[in-house]
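For ligands, and for the atoms within them, numbers begin at 1 and follow the listed sequence. We count residues from 1, following the sequence as given.
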Amino acid sequence: MTPTLPEWDVVRAETLAHAQALIRINTVNPPGNEIEVARYLEGVFAAAGIESHLFEPAPGRGAVVARLRGSGARQPVVIMAHMDVVGVEREHWSVDPFGGEVKDGYLYGRGAIDDKGMLAANVQTMLLLKRHVVDAGGTLARDVVFVANSDEEAGGDWGMGWLIKNHPELVRGEFALNEGGRTRVVRGAPLYVAVQNTEKVSHVVTVTAHGPGGHASVPLAGNAVLRLGRALAAIGAHQEPLRLTPTTRAFFRELSAVWPDKAEAAAMADVASADKARVARGATVLGRTPVFDAVLRAGVSAVLVKGGIRSNVIPTEATATFNVRTLPGQSVDSVVTRLKRAVNDSLVELEVTERGEDAPASDFRSPMFTAIAESVKELNPAMVVVPYLSTGATDSARLRQWGMQAYGVLPFPMDQNDEDRMHGNDERIPLEALHFGTRMIYGAVYRVAK
Ligand SMILES: [Zn+2]
């Protein structure tokens, strides 16, 4: 028997109902209370005859792992989403953030974008695979594993890390599909899908200036606060060198073909070229846009300043904290060496006080990446699918360190305005986008697992 085709209009309503139900369960983290969402999911899978396991890693926290068995010819594909959400400033919302209200073609609610929309799309994907492939007598070449986890928004102690540590056999696979990408609408048209296959690594660097202490009534030339100020000015003026990864080159090369701004499109093609002068020229243009600049070089952001004890004492020490984000394969020590050279002061120390862990990039020519691209093309041939280096950190790094190929998507076509509501007020997802995203995930998972 061959797989049957889903009735997409019925699916549309069903996915929306799941998304609404998920939003209506308040899982603001802390405390999370994801166990209630976990029980909801367990109920949905039980009713559909899909094998699932429910865990309670800590009181009130939850994890659900469901599985559709394949022939075992290939390794499993894992689709994951987190159940917790960030808090709300209720007075700035025009609707109940936990009401799951539909208004003007949008579903409103905390988590609509991050990450209950994808959770609903993933649930729907499991239900459709069960109905239209397994129950229709078809076979899957690999297991399809659904993971819903907790605590992603607050450190992840009870999330994917917990599952990997306690139930590795349940979540192990060749590929994983996670949050972390973008599906972008620009000037009203869905333009591209950015699939995150690698990410920057976050570190903390502390800068400490030393100087003579004393009574504030006698000004001292070597004042540590002023010394720190000069060091900060030097670091602010410093620019990290351009460093292109294979992902960044492919990202700009493919985006240049559809990018609406002509000057930026030319700069993208320049950066992706093999000609050094063109690369430098393109990087100068793109570097004016902070989000582009952040993928072209290591990022150095000042985040905390501390110094002094009272208003009439010159302190002997003043410190500033930097968040440094290196590109994959780049050493944070090399960044610190360059910053020291820029500061050029023996009484200013720079030290890596928290060191992030690098992870290998996932292959953007793998069957999983190809399946995502084909699924998108089927839905909208005008869109391009590009690999993407994210500046933010995700759970996918953990999976990549563990040897899995992990890909981050946000499968819902949205413009910048809607996307910026993620973690903000009046978070909402266009109903059309929720439907598109469900079809995109189903299409990708079916293709890679069939
Ligand atoms: Zn998220």
Exercise. Before giving the answer on salt bridge (Lys or Arg N to Asp or Glu O under 4.0 Å), spell out for D333 and K340 the whole-Å C-alpha distance, their side-chain angles and the decisive distance to 0.1 Å.
Key: CA-CA 10 Å; D333 300 310; K340 276 183 180 161; over 6 Å; no
Self-check item: Residue H82 atom name (nearest to the Zn ion (ligand 1); N/O/S)
Solution: NE2
Quiz item: Under 2.8 Å from the Zn ion (ligand 1), is there an N/O/S atom belonging to E179?
Solution: yes
Exercise. Decide, counting backbone as well as side-chain atoms, whether D114 has an N, O or S atom less than 2.8 Å from the Zn ion (ligand 1).
Key: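 Yes - counting backbone and side chain alike, D114 has an N, O or S atom under 2.8 Å.
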Quiz item: If you measure from CG on N425 to CD on E89, what distance do you get to the nearest 0.5 Å?
Solution: 5.0 Å
Quiz item: When you measure from the centre of the six-membered ring of F98, is the NZ or CZ of R24 under 6.0 Å away and within 45° of the axis?
Solution: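 Relative to the ring axis of F98, which defines the angle, R24 lies outside at least one limit.
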Practice problem: Return yes when atom CD of Q416 has more than 12 non-hydrogen atoms of other residues, nucleotides or ligands closer than 6.0 Å, and no otherwise. | Solution: yes
